[in-house]
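Report on the structure given below.
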Amino acid sequence: ARAAGFTAFKVKVGFDLMRDADKLRDVATDLRDGERLFADANQAWSVDQAARFLAGVADLGLGWMEEPIAADSAAEDWLRLRGGVPLAGGENLAGHAEFDAAIGLDALEYVQPDLAKWGGVTGCLAVARQALAAGRIYCPHFLGGGVGLAASAHLLAAAGGPGLLEVDVNPNPLRDAFDAVRDRVSAGRWRLDPAPGLGLSGLPSDIRRFVTLSREIA
């Protein structure tokens with residue numbers, strides 16, 4: 001990720017409390033000036049486990065801990081974890097009522113709706129503006145192909161604020177084939193395509209060969 005131009009890195013945890021903490025500490029010691037470290041537990045822990053883990057890594061200066069407990073955990077569980085490492089979540093929330101509750105609870109510092117999972121551009125832009133108005137930071141969650149990543153980037157730019165764009169660095173032909181999302185990172189910044197819309201003019205040849213069904217609309 002560093003070689004590709006990224007300056008913020010998110011590490012998956014939630015497998016083994018002690019080993020995960022050691023892993024984060026190892027990565028943190030390798031950070032260079034201007035680089036930041038984040039972590040994502042993908043709802044792996046109970047509130048007691050999460051509290052113990054967060055206390056153990058509190059000195060690392062993590063940018064956030066994403067989904068340390070189940071997304072639908074009780075309000076008091078989320079509030080118990082508040083106050084140390086900043087909390088992030090939202091990819092597994094759906095509907096304005098759930099986002100209203102999450103933002104109103106004042107436990108999440110980072111709000112992360114996923115436009116491919118709920119709401120599209122319209123719903124997620126509304127949540128982003130609501131989060132920013134409440135003093136939270138909007139960071140679109142995304143893990144998928146090139147079209148959705150381009151949409152997330154444009155949505156973040158439209159919403160504004162100090163949020164980060166999530167870009168998976170694992171190989172993904174459904175993302176990597178698109179010129180509009182390839183080689184756009186430099187010194188931790190993502191360059192938007194100035195072309196109309198998302199900057200995508202059609203399916204790349206590497207993707208088109210996988211099409212099994214198409215339909216023309218008169």
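- Side-chain atoms of S46 come within 3.5 Å of backbone atoms of Q49 as a donor-acceptor pair (strictly under, hydrogens ignored).
- The backbone N or O of P140 sits nowhere less than 3.5 Å from a side-chain atom of D114 that would complete a donor-acceptor pair.
- As a member of the Ile/Leu/Val/Met/Phe/Trp/Tyr network built from side-chain separations under 4.5 Å, L93 groups with F99, I103, V111, W118, V127.
- Pairs of residues two or more places apart, or lying in two chains, that qualify as ring pair (Phe, Tyr, Trp, His ring centres under 6.0 Å) and include a residue from residues 16-69 are F38-W64, W45-F53, W64-Y110.
- For residues 148-161, no pair satisfies salt bridge (Lys or Arg N to Asp or Glu O under 4.0 Å), with sequence neighbours left out.
- One N or O on the side chain of Q43 and one on the backbone of A71 form a donor-acceptor pair closer than 3.5 Å.
- Here N42 pairs with K12 under the side chain to side chain donor-acceptor pair (under 3.5 Å) rule; sequence neighbours left out.
- No side-chain heavy atom of L108 sits less than 4.5 Å from a side-chain heavy atom of R136.
- Proximity of L24 to L37: side-chain heavy atoms (C-beta onward) are separated by under 4.5 Å at one or more points.
- Under the ring pair (Phe, Tyr, Trp, His ring centres under 6.0 Å) criterion, no residue pair touches residues 5-28, with sequence neighbours excluded.
- In terms of heavy-atom proximity, A1 sits nearest to V169 at CB-CG1, 4.1 Å.
- Contacts classified as side-chain hydrogen bond (donor to acceptor under 3.5 Å, both in side chains) and involving residues 149-167 (residues at least two apart or in different chains) are given here: K10-E166.
- Smallest separation of non-hydrogen atoms from N170 and D168: ND2-OD1, 2.9 Å.
- Among residue pairs with one or both ends in residues 51-60, those qualifying as salt bridge (Lys or Arg N to Asp or Glu O under 4.0 Å) are R25-D59; sequence neighbours excluded.
- Looking only at distances, no side-chain donor or acceptor of E35 sits under 3.5 Å from a matching main-chain atom of L31.
- Contact check for E66 versus H141: side-chain heavy atoms found under the 4.5 Å cut-off.
- In this structure, the side chain of Q112 engages the main chain of G89 through a donor-acceptor pair within 3.5 Å.
- F142 is not listed as a side-chain neighbour of L156, based on a closest heavy-atom distance of 4.5 Å or more.
- Heavy-atom minimum distance, E109 versus P86: OE1-CB, 3.4 Å.
- Not counting sequence neighbours, R36 has no partner by the side chain to side chain donor-acceptor pair (under 3.5 Å) test.
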Please output the side-chain donor-acceptor pairs of residues 207-218 that fall under 3.5 Å, not counting sequence neighbours, one pair per line with the distance.
from : atom 1 : to   : atom 2 : distance (Å)
R209 : NE     : D206 : O      : 3.4

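- Partners of D30 under the salt bridge (charged side-chain N to carboxylate O under 4.0 Å, His left out) rule, at least two apart in sequence or in another chain, are R2.
- The local environment of CG in D33 is sparse, with at most 12 non-hydrogen atoms from other residues, nucleotides or ligands closer than 6.0 Å.
- Sorted by first and then second residue, the salt bridge (Lys or Arg N to Asp or Glu O under 4.0 Å) pairs with a member in residues 143-164 form an empty list; sequence neighbours excluded.
- A distance of 6.5 Å separates CG of L87 from CG of L54, quoted to the nearest 0.5 Å.
- Residue pairs that meet the side-chain hydrogen bond (donor to acceptor under 3.5 Å, both in side chains) test with at least one member in residues 69-82, sequence neighbours left out, are D48-R80.
- Within the 4.5 Å cutoff, no side-chain heavy atoms of M65 are placed close to those of D40.
- For the pair L155/Y138, a side-chain contact is recorded, criterion being any heavy-atom separation below 4.5 Å from C-beta on.
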